[in-house]
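Report on the structure given below.
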Number of protein chains: 2
Amino acid sequence: MATPDVRLEHLQKAAEVLRVVAHPVRLQILQFLEGGEKTVTEIHTGLDLPQAYTSQQLNLMKSKDILASRRDGSQVFYRIANWNVLKIIHCVCADSAGETAQT
Amino acid sequence: MATPDVRLEHLQKAAEVLRVVAHPVRLQILQFLEGGEKTVTEIHTGLDLPQAYTSQQLNLMKSKDILASRRDGSQVFYRIANWNVLKIIHCVCADSAGETAQT
DNA sequence: TTCACATATTAAAGCATTCGCATATCTTGA
DNA sequence: TCAAGATATGCGAATGCTTTAATATGTGAA
């Protein structure tokens, strides 16, 4: 019995989160962080990405509350703040993985 | 123990599907189709969208195998073909809904 | 303060998406 | 065949995203 407009707002916000997640590099980072928090250096060397580029993606995801960060000295640790995005990844990876092969 | 490259391919494909889903109108259409197949007219009048625009979005999602269609006379019925996208929607809606209010 | 390391910011070029509009195609009934 | 309803297609301007490169800032040690 709710007006459809209420849902539109939800969908708007949902789409916003999805749009950020819908990117190969950002998906890669999120998977990498599934094992626990990591520094920027660990991420950009571990995934072989330029430092500045990595920092940009991290900050983008942080601005959408998908990631959170913690500073320790000169290093900054990033971690997953919105674990629903991980569920999303598992859904969509189960999807494309299910058709091609198993891990 | 797999090379990371194998996963990159997956992520690339996953991101592609996600990018199509990550759009308010397309999310709206997908939710609308959750109840079962509907004609283009039902969709575009039900959601108050221009017909041509609706058809474009439907065809885009069909081209990515998210939707499938069936013709019956002059009408075309669209239905969800990839039910994983529905799971995705539920994840991301549970997310944004959980923080604001319940229905 | 100065150096070296870690991280963040900014600008810009190239490319893709969005969405409205006009119009084309397809289908059925008269 | 013609008209009308249902669906699809092509075009284009505005907007947004991606990515690189250069550079700035922040931190700790000497």
Side-chain angles (χ1 to χ4, degrees), chain A residues 8 11-30 32-33 37-81 85, chain B residues 8-9 11-30 32-33 36-81 85:
Chain A
L8 248 194
L11 294 181
Q12 205 92 14
K13 220 197 159 194
E16 214 173 308
V17 173
L18 279 176
R19 197 181 304 141
V20 175
V21 176
H23 185 283
V25 166
R26 293 193 288 266
L27 284 176
Q28 213 182 353
I29 292 174
L30 287 167
F32 196 61
L33 289 177
E37 65 175 13
K38 302 229 170 11
T39 68
V40 178
T41 299
E42 284 176 319
I43 297 168
H44 98 254
T45 58
L47 299 180
D48 194 30
L49 299 168
Q51 180 275 321
Y53 181 59
T54 304
S55 181
Q56 280 177 145
Q57 306 304 336
L58 291 171
N59 279 311
L60 174 59
M61 290 193 275
K62 188 184 172 185
S63 77
K64 303 291 179 184
D65 291 318
I66 293 169
L67 298 183
S69 66
R70 164 179 85 82
R71 169 154 238 143
D72 181 21
S74 68
Q75 295 177 309
V76 177
F77 290 80
Y78 280 87
R79 63 179 183 278
I80 293 175
V85 302
Chain B
L8 250 194
E9 230 178 289
L11 294 182
Q12 204 92 17
K13 218 198 161 195
E16 215 173 308
V17 173
L18 279 175
R19 197 180 302 144
V20 174
V21 176
H23 185 283
V25 166
R26 293 192 288 264
L27 284 175
Q28 214 181 353
I29 292 174
L30 287 168
F32 196 61
L33 289 178
E37 64 175 13
K38 302 229 171 8
T39 69
V40 178
T41 298
E42 284 177 319
I43 297 168
H44 99 256
T45 59
L47 300 180
D48 195 30
L49 300 167
Q51 179 275 321
Y53 181 57
T54 304
S55 181
Q56 279 175 359
Q57 305 303 334
L58 291 172
N59 278 311
L60 174 59
M61 290 193 275
K62 187 183 171 186
S63 77
K64 303 289 181 186
D65 291 319
I66 293 169
L67 298 183
S69 66
R70 163 180 85 81
R71 170 156 238 145
D72 181 22
S74 68
Q75 296 177 308
V76 176
F77 289 82
Y78 280 86
R79 65 180 181 276
I80 293 175
V85 301

Please give, in whole Å, the distance from [N] [atom2] to [X] [atom1]?
X: A:Glu42; N: C:dC5; atom1: CD; atom2: P; value: 17 Å
X: A:Arg70; N: D:dG26; atom1: CZ; atom2: C1'; value: 17 Å
X: B:Leu49; N: D:dT7; atom1: CG; atom2: P; value: 14 Å
X: B:Ile29; N: C:dT18; atom1: CD1; atom2: C1'; value: 14 Å
X: A:Lys64; N: D:dG16; atom1: NZ; atom2: P; value: 12 Å
X: A:Leu60; N: C:dT7; atom1: CG; atom2: C1'; value: 16 Å
X: A:Gln57; N: C:dA8; atom1: CD; atom2: P; value: 13 Å
X: A:Asn59; N: C:dT7; atom1: CG; atom2: C1'; value: 9 Å

Open item on the list: side chain to side chain contact (heavy atoms under 4.5 Å, CB included), that's the test. Do B:Leu30 and B:Leu67 meet it? Break it down for me.
Closed with: CA-CA 9 Å; B:Leu30 287 168; B:Leu67 298 183; 3.8 Å; yes
Produce the list of close N/O pairs, under 3.5 Å, pairing protein atoms with atoms of nucleotides 1-6 of chain D; give distances to one decimal.
none

Open item on the list: Test side chain to side chain contact (heavy atoms under 4.5 Å, CB included) on B:Leu47 and B:Val25; report intermediate values, then the result.
Closed with: CA-CA 9 Å; B:Leu47 300 180; B:Val25 166; over 6 Å; no
Task: Within-4.5 Å side-chain heavy-atom neighbours: B:Val76 and B:Leu58 - done: no
Open item on the list: Any heavy-atom pair between the side chains of A:Phe32 and A:Gln28 that's under 4.5 Å?
Closed with: no
Task: Residues that A:Arg70 engages under salt bridge (Lys or Arg N to Asp or Glu O under 4.0 Å), provided they are two or more places apart - done: A:Glu37
Using atom names, set out every protein N or O paired with an N or O of nucleotides 20-22 of chain C below 3.5 Å, distance rounded to 0.1 Å.
from, atom 1, to, atom 2, distance (Å)
C:dG20, O6, B:Gln56, NE2, 3.0

Open item on the list: Could you measure the distance from the OG1 atom of A:Thr41 to the CD atom of A:Gln51? Nearest 0.5 Å is fine.
Closed with: 7.0 Å
Open item on the list: To the nearest 0.5 Å, what is the distance between CE on B:Met61 and NE2 on B:His23?
Closed with: 9.5 Å
Task: Residue whose nearest DNA chain D nucleotide is more 5′ - A:Gly73 or A:Val25 - done: A:Val25
TODO: Any pair with a residue in residues 57-66 of chain A that passes salt bridge (Lys or Arg N to Asp or Glu O under 4.0 Å), sequence neighbours left out, goes on the list, sorted by first then second residue, please.
DONE: A:Glu16-A:Lys64
Pull out every protein N or O sitting under 3.5 Å from an N or O of nucleotides 1-3 of chain C, one pair per line with the distance.
none

Partners of [X] by side-chain contact (heavy atoms from CB on, under 4.5 Å), sequence neighbours excluded?
X: A:Ala68; result: A:Arg79, A:Ala81
X: A:Ala52; result: none
X: A:Gln75; result: A:Thr39, A:Phe77

TODO: Using a 4.0 Å heavy-atom cut-off across all strands, classify B:Phe77 as base, sugar-phosphate, or nothing.
DONE: nothing
Report each atom pair, protein N/O against N/O of nucleotides 15-17 of chain C, whose distance is under 3.5 angstrom.
none

Open item on the list: On a heavy-atom basis, which atom in B:Arg19 and which in B:Arg26 lie closest, and how many Å separate them?
Closed with: O-NH2, 3.7 Å
- [ ] Apply the side-chain contact (heavy atoms from CB on, under 4.5 Å) test between B:Ser63 and each candidate in B:Ile66, B:Asn59, B:Leu60; give the one that qualifies.
- [x] B:Leu60
